[in-house]
Amino acid sequence: QVQLVESGGGLVQAGASLRLSCAASGRTFSIYAMGWFRQAPGKEREFVSAVSWGGGSTYYADSVKGRFTISRDNAENTVYLQMNSLKPEDTAAYYCGARSTYYSGSLHLQTTYNYWGQGTQVTVSS
């Protein structure tokens with residue numbers, strides 16, 4: 001089992017920055033990749049960004065490219081999402097997911113991830 005704990009959400013004004021963290025514990029050696037998804041009220045959960053644990057390849061949704069940066073600290077088993085130039089449309093609950101090495105599928109799909117955190121709220125006011 002892998003446990004994920006997100007932190008760093010909050011209420012900010014448009015144009016501000018936030019950094020989300022997701023700390024993994026448990027069987028972290030089994031992690032292949034970690035990703036961030038978000039879900040706004042009344043909308044489906046959508047892919048934001050992902051990073052492979054070994055090679056460090058990164059992936060972004062078009063809506064956040066150039067504004068968000070994902071990074072990982074393998075020693076601390078933590079993934080970060082630096083969010084700059086935040087917009088009101090970024091308002092959502094942000095969820096961290098982890099995919100084990102024995103799973104497969106595109107990192108853009110939430111069904112690919114077999115572990116999830118509890119989520120952290122990001123609210124961007126205009």
Side-chain angles (χ1 to χ4, degrees):
Q1 292 285 345
V2 173
Q3 294 78 40
L4 303 174
V5 178
E6 302 104 327
S7 61
L11 170 63
V12 296
Q13 291 190 329
S17 298
L18 279 175
R19 188 176 81 155
L20 305 183
S21 300
C22 176
S25 60
R27 298 172 63 89
T28 57
F29 60 85
S30 69
I31 294 175
Y32 169 79
M34 293 182 70
W36 288 96
F37 285 71
R38 65 186 182 186
Q39 187 168 19
K43 295 187 176 181
E44 293 190 355
R45 190 173 297 190
E46 65 176 5
F47 171 77
V48 176
S49 184
V51 60
S52 64
W53 215 237
S57 298
T58 57
Y59 309 86
Y60 296 96
D62 288 343
S63 59
V64 306
K65 278 181 183 176
R67 299 189 298 123
F68 291 11
T69 302
I70 192 169
S71 62
R72 79 208 193 284
D73 184 331
N74 294 59
E76 296 295 327
N77 295 315
T78 300
V79 64
Y80 302 98
L81 186 68
Q82 178 66 43
M83 306 186 295
N84 298 329
S85 302
L86 283 162
K87 305 175 181 180
E89 50 263 45
D90 295 317
T91 295
Y94 282 70
Y95 297 90
C96 173
R99 201 204 93 175
S100 299
T101 54
Y102 49 85
Y103 267 56
S104 62
S106 168
L107 294 180
H108 293 76
L109 301 177
Q110 55 176 319
T111 53
T112 294
Y113 298 79
N114 50 322
Y115 298 107
W116 290 96
Q118 81 288 349
T120 185
Q121 180 67 34
V122 172
T123 303
V124 184
S125 63
S126 57

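Both backbone and side-chain heavy atoms feed into the values below; hydrogens, waters and symmetry mates do not.
Residue Tyr102 is grouped with residue Ile31 when hydrophobic side chains (ILVMFWY) are merged at heavy-atom distances under 4.5 angstrom, including chains of intermediate members. Grouping the Ile, Leu, Val, Met, Phe, Trp and Tyr side chains by contacts below 4.5 angstrom, directly or via other members, places Tyr115 with Tyr103. Hydrophobic clustering (ILVMFWY, side-chain heavy atoms < 4.5 Å, transitive): Val79 and Leu81 are in one cluster. Linking Ile, Leu, Val, Met, Phe, Trp and Tyr residues whenever their side-chain heavy atoms come within less than 4.5 Å leaves Tyr113 and Tyr60 in two separate clusters. Cluster membership check: Leu20 shares its hydrophobic cluster with Phe68, using side-chain heavy-atom separations under 4.5 Å among Ile, Leu, Val, Met, Phe, Trp and Tyr.
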Could you pull out every donor-acceptor pair under 3.5 Å between side chains of residues 32-42 and any protein atom, sequence neighbours left out?
unit_1: Arg38; atom_1: NE; unit_2: Glu46; atom_2: OE2; d: 2.6
unit_1: Arg38; atom_1: NH1; unit_2: Asp90; atom_2: OD1; d: 2.9
unit_1: Arg38; atom_1: NH1; unit_2: Tyr94; atom_2: OH; d: 2.9
unit_1: Arg38; atom_1: NH2; unit_2: Glu46; atom_2: OE2; d: 3.2
unit_1: Gln39; atom_1: NE2; unit_2: Lys43; atom_2: O; d: 3.1

Considering only distance and modelled atom types, tabulate donor-acceptor pairs under 3.5 Å from the side chains of residues 47-59, sequence neighbours left out.
unit_1: Ser49; atom_1: OG; unit_2: Tyr59; atom_2: O; d: 2.8
unit_1: Ser52; atom_1: OG; unit_2: Gly56; atom_2: N; d: 3.0
unit_1: Ser52; atom_1: OG; unit_2: Ser57; atom_2: N; d: 2.8

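With sequence neighbours left out, Lys87 forms a salt bridge (Lys or Arg N to Asp or Glu O under 4.0 Å) with no residue at all. Take Asn74 and apply the side-chain hydrogen bond (donor to acceptor under 3.5 Å, both in side chains) test, not counting sequence neighbours, and it matches Arg72. Partners of Ser106 by side-chain hydrogen bond (donor to acceptor under 3.5 Å, both in side chains), not counting sequence neighbours, listed by chain and number: His108.
Rounded to the nearest 0.5 Å, atoms CD (Gln82) and CD1 (Ile70) are 12.0 Å apart. Between Leu4 atom CG and Gln118 atom CD the span is 9.0 Å, to the nearest 0.5 Å. Separating the CD atom in Gln3 from the OG1 atom in Thr28 is a distance of 10.0 Å, to the nearest 0.5 Å. The distance from the CZ atom of Arg99 to the CG atom of Leu107 is 6.0 Å, given to the nearest 0.5 Å.
The backbone N or O of Gly119 lies less than 3.5 Å from a partner atom in the side chain of Glu6, making a donor-acceptor pair.
Under the disulfide bond (SG atoms under 2.5 Å apart) criterion, the residue pairs touching residues 16-117 are Cys22-Cys96, with sequence neighbours excluded.
The two residues Ser100 and Asn114 come nearest to each other via the heavy atoms OG-ND2, 2.7 Å. Shown here for Ser17 and Asn84, the closest heavy-atom pair between the two residues is OG-OD1, 2.9 Å. The two residues Val2 and Ala24 make their nearest non-hydrogen contact at CG1-CB, 4.3 Å.
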